[in-house]
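I am attaching a structure below and will ask some questions about it afterwards.
Just so it is clear, the values below take in all heavy atoms, side chains as well, and ignore hydrogens, waters and symmetry mates.
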Amino acid sequence: MIGGEGTADPIWMVEGAWIDYARQHSAICFMVEHRYYGKSHPVKDLSLDNLKYLSSRQALADLAYFVQFIRQKFNLPTNKLISFGGSYSGSLSAWLRAKYPFLVDGAVATSAPIHAQLDFKEYLGVVVSSLATTGEKCSYEIYMATKTIYSYLQDKDDRMKLKEMFYLCDDIDANNQMDIANLFTNLAGNFEGVVQYNKDNRAFEGAIGTNITIDTVCGIMGDESIGTALQRYAAVNKLLLDTYFQKCMDFKYDKMISDLKKTNWNSSASEGGRQWTYQTCAEFGWFQSSDLVEQPFGISFPVNFSCSQCADIFEKEFTCSAIGANIDDSNRYYGDYGIKVTKVVFPNGSIDPWHAMGILHDLSEDAPAIYINGTAHCANMYPESPDDNEELKQSRITISNLIGKWLVS
């Protein structure tokens, strides 16, 4: 199991679909935390100079070294090896097989973004489609609420009303466009997070808020007894603030940048925010912008807003053009949608916005895609649930069968 952009959780050593596969195929399991995340601190701090050793390519080299190490330590010289990962670590799983095929005999690359892209405007497109599974009213009411917010921003008294309704930590400065961009980003984020992890059975990890689903937030947006569209939008915001034990919503841009500029390992930024932001600036982009026309969350967080964050956090010439060049280099190195691999399976969920950057059609008979309708991010990796739909159940069976095939071929 390949670690991603966060702490490696030991619960995965006893739970999850891969543990079931291990039982079925008599396997020993290992999990590797990604360099710079969790407790894996290869450098004294997260200064920009030290971040030069943080990259997916270095992470793959770590994995290659680790595979050789465990083969020797555990006397497994000829045993077959299957790699697993989800989201970014799903990409690493596919790329490990692509770059080190002599070390890895098969790979499961769940919800893996394979195409790097500066402006990931399609993300909100999938969010809108996923919200529409409850009907068109949800997005329309969000649009009406957003329209009202823009109107309220023009008046001082109305701005105070917004502060009270949305439990904002600070007053709104209508002339500070970065604050406004961050505010709209956070309000859209309320829905993005719910959609991405909709009904994904991740509660076993200790995750909170798993009971808040697309049906929950769209139910609130459609409940006229709560009040206006703006009041319903605020009710969704309050629900999520309460769920994550936050007294107010931070939206001040300078405060966010100040937090992410902290370089010591005991800072909140070191939990993954600073590292992953650096990787997106230096390798992948995937900036979830408001540049898509057909979405209801406003136009205040274009891709330039994300590029500005890269420049402001790392005090480096991270222009959109420079980041774009980094992204082009990543796509050339890994092969983009034309990645040349065998014995890799690419499961994706239709509800998950990340599927827009993934492999949705078979690359070949030996590199199939599994598109699972009605499921969200990494759903097939989690333990089975009685609520799993038939396609999700079948996907796990298909993956196990593929592993069995790879082990004997």
**Request:** List the atom of Ser111, the atom of Cys378, and the distance in Å for their closest heavy-atom pair.
**Result:**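 Nearest pair, atom of Ser111 first, then Cys378: OG-N, 2.8 Å.
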**Message:** Are there over 12 heavy-atom neighbours, none belonging to Tyr140, within less than 6.0 Å of that residue's OH?
**Reply:**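 Not buried by this count: 12 neighbours or fewer within 6.0 Å.
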**Prompt:** Between Tyr37 and Trp276, does the ring centroid distance fall short of 6.0 Å?
**Reply:**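 Not close enough - the centres of the two rings lie 6.0 Å or further apart.
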**Pairing of Lys393 and Glu390 as salt bridge, 4.0 angstrom limit** =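 Here Lys393 pairs with Glu390 in a salt bridge, since their nearest N and O are under 4.0 Å apart.
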**Item:** Over all atoms of both residues, closest heavy-atom pair of Ser289 and Lys121
**Value:**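 Closest approach of Ser289 to Lys121, heavy atoms only: OG-CB, 3.8 Å.
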**Asked** Is any NZ, NE, NH1 or NH2 atom of the basic residue among Asp173 and Arg159 found under 4.0 Å from an Asp or Glu carboxylate oxygen of the other?
**Response**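 Not counted as a salt bridge, because no side-chain N and carboxylate O are separated by less than 4.0 Å.
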**Asked** Between the side chains of His361 and Tyr371, is a donor N or O closer than 3.5 angstrom to an acceptor N or O?
**Response**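 No, no side-chain donor-acceptor pair sits under 3.5 Å.
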**Request:** Establish, for the pair Lys340 and Tyr334, whether the NZ or CZ atom is under 6.0 angstrom from the six-membered ring centre and no further than 45 degrees off its axis.
**Result:**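 Judged by the rule (NZ or CZ under 6.0 Å from the ring centre, within 45° of its axis), Lys340 is not positioned above Tyr334.
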**Request:** Run the numbers on Phe251 and Phe166 for ring pair (Phe, Tyr, Trp, His ring centres under 6.0 Å), then give the verdict.
**Result:** CA-CA 11 Å; Phe251 69 98; Phe166 287 89; over 10 Å; no
**Request:** Kindly indicate whether the side chain of Lys316, heavy atoms from C-beta on, has any atom under 4.5 Å from the side chain of Leu48.
**Result:**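 Counting from C-beta outward, Lys316 and Leu48 do come under 4.5 Å.
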**Item:** Check: Asn198 and Ser130 side chains under 4.5 Å, non-hydrogen atoms
**Value:**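 No - every pair of side-chain heavy atoms lies 4.5 Å or more apart.
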**Prompt:** Any side-chain donor paired with an acceptor under 3.5 Å for Arg35 and Ser55?
**Reply:**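 No, no side-chain donor-acceptor pair sits under 3.5 Å.
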**Asked** So which heavy atom on Thr146 is nearest to which on Phe297, and how close?
**Response**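 Looking at all heavy atoms of both residues, the closest pair is CG2-C, 3.8 Å.
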**Asked** Does Asp259 reach the side chain of Lys255, with side-chain heavy atoms less than 4.5 Å apart?
**Response**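 Yes, side chains in contact.
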**Prompt:** Is a side-chain donor or acceptor of Glu33 paired with a backbone partner of Ser40 at a separation under 3.5 angstrom?
**Reply:**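 Yes, because the side chain of Glu33 sits within donor-acceptor range (under 3.5 Å) of the backbone of Ser40.
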**Prompt:** Can you check ring pair (Phe, Tyr, Trp, His ring centres under 6.0 Å) on Phe120 and Trp354, steps first, answer last?
**Reply:** CA-CA 9 Å; Phe120 189 6; Trp354 285 99; 5.1 Å; yes
**Message:** Looking at Lys252 and Asp170, is there a salt bridge between them, counting it only when a charged N and a carboxylate O are closer than 4.0 Å?
**Reply:**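 Salt bridge between Asp170 and Lys252, a charged N being under 4.0 Å from a carboxylate O: no.
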**Message:** Quick one, Leu360 and Asn348 - any side-chain contact, counting heavy atoms below 4.5 Å?
**Reply:**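 The answer is yes; the side chains approach within 4.5 Å.
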**Request:** Can you measure from OG1 (Thr185) to CG (Leu187) and round to the nearest 0.5 angstrom?
**Result:**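 Spacing of OG1 (Thr185) from CG (Leu187) equals 9.0 Å.
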**Prompt:** What distance do Gln117 atom CD and Asn331 atom CG have between them, rounded to the nearest 0.5 Å?
**Reply:**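 If we round to the nearest 0.5 Å, Gln117:CD and Asn331:CG are 9.0 Å apart.
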**Request:** Determine, stepwise, if the pair Ser47 / Asn50 fulfils side-chain hydrogen bond (donor to acceptor under 3.5 Å, both in side chains).
**Result:** CA-CA 5 Å; Ser47 65; Asn50 282 334; 3.3 Å; yes
**Request:** Could you walk me through whether Phe184 and Phe305 pass ring pair (Phe, Tyr, Trp, His ring centres under 6.0 Å), step by step?
**Result:** CA-CA 12 Å; Phe184 278 98; Phe305 177 58; over 10 Å; no
**Asked** Between Tyr150 and Lys147, is there a cation-pi geometry (under 6.0 Å to ring centre, at most 45° from the normal)?
**Response**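 That pair does not qualify as a cation-pi contact.
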**Request:** Would you name the heavy atoms of Ser290 and Pro302 that are closest together and state the gap between them?
**Result:**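 Heavy atoms of Ser290 and Pro302 come nearest at OG-N, 3.4 Å.
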**Message:** Rounded to the nearest 0.5 Å, what separates atom CG in Leu153 from atom CD1 in Ile172?
**Reply:**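 Result: 5.5 Å between the selected atoms.
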**Asked** Do Ser395 and Thr398 have a side chain donor and acceptor closer than 3.5 Å?
**Response**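 Not at all, the side chains of Ser395 and Thr398 share no donor-acceptor pair under 3.5 Å.
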**Request:** Before accepting this row, confirm whether a basic side-chain N of the pair Lys343/Asp366 lies closer than 4.0 Å to the acidic partner's carboxylate O.
**Result:**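 Not counted as a salt bridge, because no side-chain N and carboxylate O are separated by less than 4.0 Å.
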**Message:** Taking atom OH as the centre, does Tyr143 end up with more than 12 heavy-atom neighbours from other residues, nucleotides or ligands that are less than 6.0 angstrom away?
**Reply:**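 Result for OH/Tyr143: open.
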**Message:** I want to check a possible cation-pi pair here: Lys247 against Tyr167, using under 6.0 Å from ring centre and within 45° of the ring axis as the test.
**Reply:**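 Ring-cation test returns no.
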**Asked** Under the salt bridge (charged side-chain N to carboxylate O under 4.0 Å, His left out) criterion, do Arg332 and Asp328 qualify, and how do the steps go?
**Response** CA-CA 6 Å; Arg332 278 192 298 270; Asp328 290 342; 5.0 Å; no
**Prompt:** Within a strict 4.5 Å, meaning less than it, do heavy atoms of the Met1 and Val32 side chains meet?
**Reply:**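 With C-beta onward as the side chain, the pair stays apart.
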**Prompt:** Is there a donor in the side chain of Gln196 and an acceptor in the side chain of Tyr123, or the other way round, less than 3.5 Å apart?
**Reply:**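 The answer is yes; a qualifying pair exists.
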**Request:** Measure the spacing between CE of Met165 and OG1 of Thr148 and express it to the nearest 0.5 Å.
**Result:**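 Separation between the atoms: 9.0 Å.
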**Message:** Whether the Asn264 and Asp45 side chains hold a donor-acceptor pair (N or O, under 3.5 Å, no angle test) is what I'd like checked.
**Reply:**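 No, because no side-chain N or O of Asn264 sits under 3.5 Å from a partner of the opposite role on Asp45.
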**Basic-acidic side-chain contact under 4.0 Å: Asp223, Arg232** =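 Here Asp223 does not pair with Arg232 in a salt bridge, since their nearest N and O are not under 4.0 Å apart.
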**Item:** Ser270/His41 under side-chain hydrogen bond (donor to acceptor under 3.5 Å, both in side chains): CA gap, chis, key distance, verdict
**Value:** CA-CA 10 Å; Ser270 75; His41 301 172; over 6 Å; no
**Message:** Around atom CZ of Phe30, are there more than 12 heavy atoms from other residues, nucleotides or ligands closer than 6.0 Å?
**Reply:**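 More than 12 within 6.0 Å, yes.
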**Asked** Would you say the side chain of Leu46 lies within less than 4.5 Å of the side chain of Leu54, judging by non-hydrogen atoms?
**Response**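 Of all side-chain heavy-atom pairs linking Leu46 with Leu54, none is under 4.5 Å.
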**Request:** Report yes if the side chains of Cys29 and Ile19 come closer than 4.5 Å at any heavy-atom pair, otherwise no.
**Result:**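 Counting from C-beta outward, Cys29 and Ile19 do come under 4.5 Å.
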**Prompt:** In terms of side-chain heavy atoms, does Asp352 have a donor or acceptor partner in His377 at a distance below 3.5 Å?
**Reply:**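 Note: Asp352 and His377 side chains meet the donor-acceptor criterion.
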**Prompt:** With under 30° as parallel and over 60° as perpendicular, where do the rings of Phe314 and Tyr278 fit, or are they tilted in between?
**Reply:**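 The arrangement is perpendicular - the two ring planes meet at more than 60°.
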**Asked** Salt bridge or not for Lys163 and Asp171, using N-O below 4.0 Å?
**Response**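 Counted as a salt bridge, because a side-chain N and a carboxylate O are separated by less than 4.0 Å.
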**Request:** For salt bridge (charged side-chain N to carboxylate O under 4.0 Å, His left out), just list the numbers for Lys161 and Asp155, CA-CA rounded to whole Å, side-chain angles, deciding distance to a tenth of an Å, and then say yes or no.
**Result:** CA-CA 10 Å; Lys161 290 179 185 175; Asp155 180 81; over 6 Å; no
**Message:** Could you check whether Tyr36 and Tyr53 have their ring centres less than 6.0 Å apart?
**Reply:**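 For Tyr53 and Tyr36, the ring centres are not under 6.0 Å apart.
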**Item:** Trp18/Tyr382 aromatic ring centres below 6.0 Å
**Value:**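 Distance test on ring centres: not under 6.0 Å, no.
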**Request:** Consider only side-chain N and O atoms of Tyr253 and Asp312, and report whether a donor and an acceptor are under 3.5 Å apart.
**Result:**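 Yes, because at least one side-chain N or O of Tyr253 sits under 3.5 Å from a partner of the opposite role on Asp312.
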**Message:** So for atom CD1, which belongs to Ile257, do other residues, nucleotides or ligands contribute more than 12 heavy atoms lying within a distance under 6.0 Å?
**Reply:**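 Yes, enclosed.
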**Asked** Does the distance from a Lys or Arg side-chain N to an Asp or Glu carboxylate O, for Arg57 and Glu283, drop under 4.0 Å?
**Response**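 No, Arg57 and Glu283 are not salt-bridged.
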**Asked** Side chains of Thr213 and Tyr197: closer than 4.5 Å at any heavy-atom pair?
**Response**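 Not touching, per the 4.5 Å side-chain cut-off.
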**Residue pair Ile323 / Phe287: nearest heavy atoms and the distance that separates them** =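 Taking Ile323 first and Phe287 second, the nearest heavy atoms are CG2-CE1, 4.1 Å.
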**Message:** One pair to check against side chain to side chain contact (heavy atoms under 4.5 Å, CB included): Glu122 and Met357. What are the steps and the verdict?
**Reply:** CA-CA 9 Å; Glu122 295 88 348; Met357 296 290 108; 4.0 Å; yes
**Request:** Locate the shortest heavy-atom distance separating Trp286 from Ala116; write the atom from each residue and the value.
**Result:**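 Distance-wise, the nearest heavy atoms are NE1-CA, 3.5 Å.
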**Item:** Steps toward side-chain hydrogen bond (donor to acceptor under 3.5 Å, both in side chains) verdict (Arg97, Thr342)
**Value:** CA-CA 8 Å; Arg97 170 68 183 159; Thr342 59; 2.9 Å; yes
